[in-house]
Amino acid sequence: MFEVVRGDPQADRVVPPSGFTSWLTVFTSGAMAFLAVFALALSFATGRLADRWASELAQSSTVRISAPLEELDLQTRAAQEVLRTTPGVARSRILSEEEQRLLLEPWFGPDLPVEELPIPRLIEVVEDADGYDAEGLRLRLAAEAPGAFLDDHTRWRRPLINAAERLRLLGWLAIGLIGASVAAMITLAARAALAANAQVIRVTRLVGATDTYIARAFVRRFTVRAFGGGLVGAVLGMIAVALLPSASEAGGFLTGLGFVGWQWLWPLVIPLLVATVAFWATRGAALRVLKEVT
C-alpha cells in the first residue's frame with residue numbers, strides 16, 4: 001500500500017487535480033472522520049460509565065426497615081448488629097432524616113415532612129473487597145429483624161450496565177457504518193473520475209501505460225485526498241470534543257462525553273483508517289472500470 005501511495009508523481013497527470021470528485025473525496029473523508037471522533041468518544045464514555053456503575057453499585061446496598069413505630073428502633077438496632085457481625089460488610093450507617101429528604105426531593109419537592117410520614121428507615125451498607133453472602137444476610141435479617149429487607153441493587157444495576165454496554169456497542173457500530181459510507185462515496189468519486197477521463201486513459205494506453213500504472217495513479221491521488229480530509233476532520237472533531245463540558249462540572253453522562261488520558265491518541269488513528277478504506281475502495285473501482293474502458 002505504501003509503495004503505491006508513494007508511487008510515481010508524474011502519473012498524477014492522469015487524474016484531474018480539481019473538480020467535484022476532488023472536493024467530494026476531501027469533504028466526505030473530513031465529515032466522516034469528524035463523526036467518527038464523536039462515535040469513538042461515545043464508545044469510551046459509555047465504557048467508563050459501565051465500569052463506574054459496576055464498581056460503585058456493586059459495593060453498596062441498602063437495608064430498608066418497615067415496622068410499626070414502637071418496634072422501629074428495636075429492629076433497627078437488631079439489623080445494625082446483624083450487619084456488624086456479617087463477614088464482608090465493611091461498614092453500615094443509618095441515613096438521617098435530612099438525607100432521606102434529599103433522596104425524595106426530586107419526586108416530592110423540598111418541603112416533604114419526613115418526620116411525620118411513615119417512611120421506612122434506611123441503612124446504607126458498604127461491603128469490602130471480598131463482599132458478603134447476600135442470601136445468608138437476608139436469612140439472618142429475617143430472623144433477627146423481620147421488618148428489614150436487603151436491597152443489593154441487583155434488580156436495577158444490571159439493566160443500567162447493560163444499557164451502557166449497548167451504547168458502547170452502538171458507538172463501534174456507528175464507526176463501522178461510517179467506514180462503509182466512506183468506501184461507498186470514494187468508490188463513486190473514483191468511478192466518476194475514471195469515466196470522465198476515459199479518453200485520456202485510451203491515449204495513455206496507446207503510449208504504453210499499463211492498467212496497473214493508471215490504477216496506481218488514481219489510487220495514490222484519492223488515498224492522499226482521503227487522508228488529508230480525514231486528518232482535518234479528526235483534528236476538528238478532537239477540538240469539538242475538548243470544548244464539551246467536563247464531567248466534573250455537572251456530573252452527568254453527556255457532560256462526560258470525551259477522552260481521558262491515552263484515549264486522546266485513538267482519534268489520530270482515524271485518518272489512517274480513512275486512507276486505508278480509500279486505498280482499497282479506489283483500487284477495486286479502478287480495476288473494474290479499466291476493464292470496461294476499451
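Below, all heavy atoms of this structure are taken into account, side chains as well, without hydrogens, waters or symmetry copies.
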With sequence neighbours left out, write down each residue that passes side chain to side chain donor-acceptor pair (under 3.5 Å) with [X], or none if nothing qualifies.
{"X": "T187", "value": "none"}
{"X": "R93", "value": "E99, E124"}
{"X": "E70", "value": "none"}
{"X": "E81", "value": "R84"}

Hey, any chance [X] and [Y] share a hydrophobic cluster, counting ILVMFWY side chains that come within less than 4.5 Å of each other, even indirectly?
{"X": "L268", "Y": "V241", "value": "yes"}
{"X": "I270", "Y": "W262", "value": "yes"}
{"X": "V260", "Y": "I239", "value": "no"}
{"X": "V26", "Y": "F222", "value": "no"}

Minimum heavy-atom distance [X]-[Y], with the two atoms named:
{"X": "A215", "Y": "L287", "result": "CB-CD2, 4.1 Å"}
{"X": "G171", "Y": "L42", "result": "CA-CD2, 4.3 Å"}
{"X": "V125", "Y": "V63", "result": "CG2-CG2, 3.8 Å"}
{"X": "T282", "Y": "A190", "result": "CG2-CB, 4.0 Å"}
{"X": "L150", "Y": "A134", "result": "CD2-O, 3.8 Å"}
{"X": "F259", "Y": "W264", "result": "O-NE1, 3.1 Å"}

Drop me the distance from [X]'s [atom1] to [Y]'s [atom2], to the nearest 0.5 angstrom.
{"X": "L231", "Y": "L272", "atom1": "CG", "atom2": "CG", "value": "9.0 Å"}
{"X": "R168", "Y": "L173", "atom1": "CZ", "atom2": "CG", "value": "14.5 Å"}
{"X": "I186", "Y": "R225", "atom1": "CD1", "atom2": "CZ", "value": "10.5 Å"}
{"X": "L141", "Y": "Q75", "atom1": "CG", "atom2": "CD", "value": "10.0 Å"}
{"X": "T62", "Y": "L122", "atom1": "OG1", "atom2": "CG", "value": "6.5 Å"}
{"X": "R64", "Y": "L95", "atom1": "CZ", "atom2": "CG", "value": "13.0 Å"}

- Task: Give a yes or no answer on whether the side chain of T85 reaches the backbone of V82 with a donor-acceptor pair at less than 3.5 Å.
- Result: yes
Give the table of side-chain donor-acceptor pairs shorter than 3.5 Å for residues 27-34, with sequence neighbours excluded, one pair per line with atom names and distance.
residue, atom, partner, partner atom, Å
T28, OG1, L24, O, 2.7
S29, OG, T25, O, 2.8

- Message: With a 4.5 Å cut-off on side-chain heavy atoms, are Y132 and S61 touching?
- Response: yes
- Task: If the plane angle is over 60° it's perpendicular, under 30° parallel, otherwise tilted; pick one for W172 and W266.
- Result: perpendicular
- Task: Check the pair V219, F279 against side-chain contact (heavy atoms from CB on, under 4.5 Å), reporting the backbone distance first and the verdict last.
- Result: CA-CA 6 Å; V219 169; F279 171 84; 3.3 Å; yes
- Verdict with reasoning, L83 to L137, per side-chain contact (heavy atoms from CB on, under 4.5 Å): CA-CA 8 Å; L83 293 171; L137 179 56; 3.9 Å; yes
- Got a sec, which residues hit salt bridge (charged side-chain N to carboxylate O under 4.0 Å, His left out) with R121, two or more places apart in sequence or on another chain? D73
- Carefully, step by step, assess L40 and I175 under the rule side-chain contact (heavy atoms from CB on, under 4.5 Å). CA-CA 7 Å; L40 195 62; I175 294 175; 3.8 Å; yes
- Worked verdict on V89 versus E127 for side-chain contact (heavy atoms from CB on, under 4.5 Å): CA-CA 4 Å; V89 175; E127 62 184 74; 5.7 Å; no
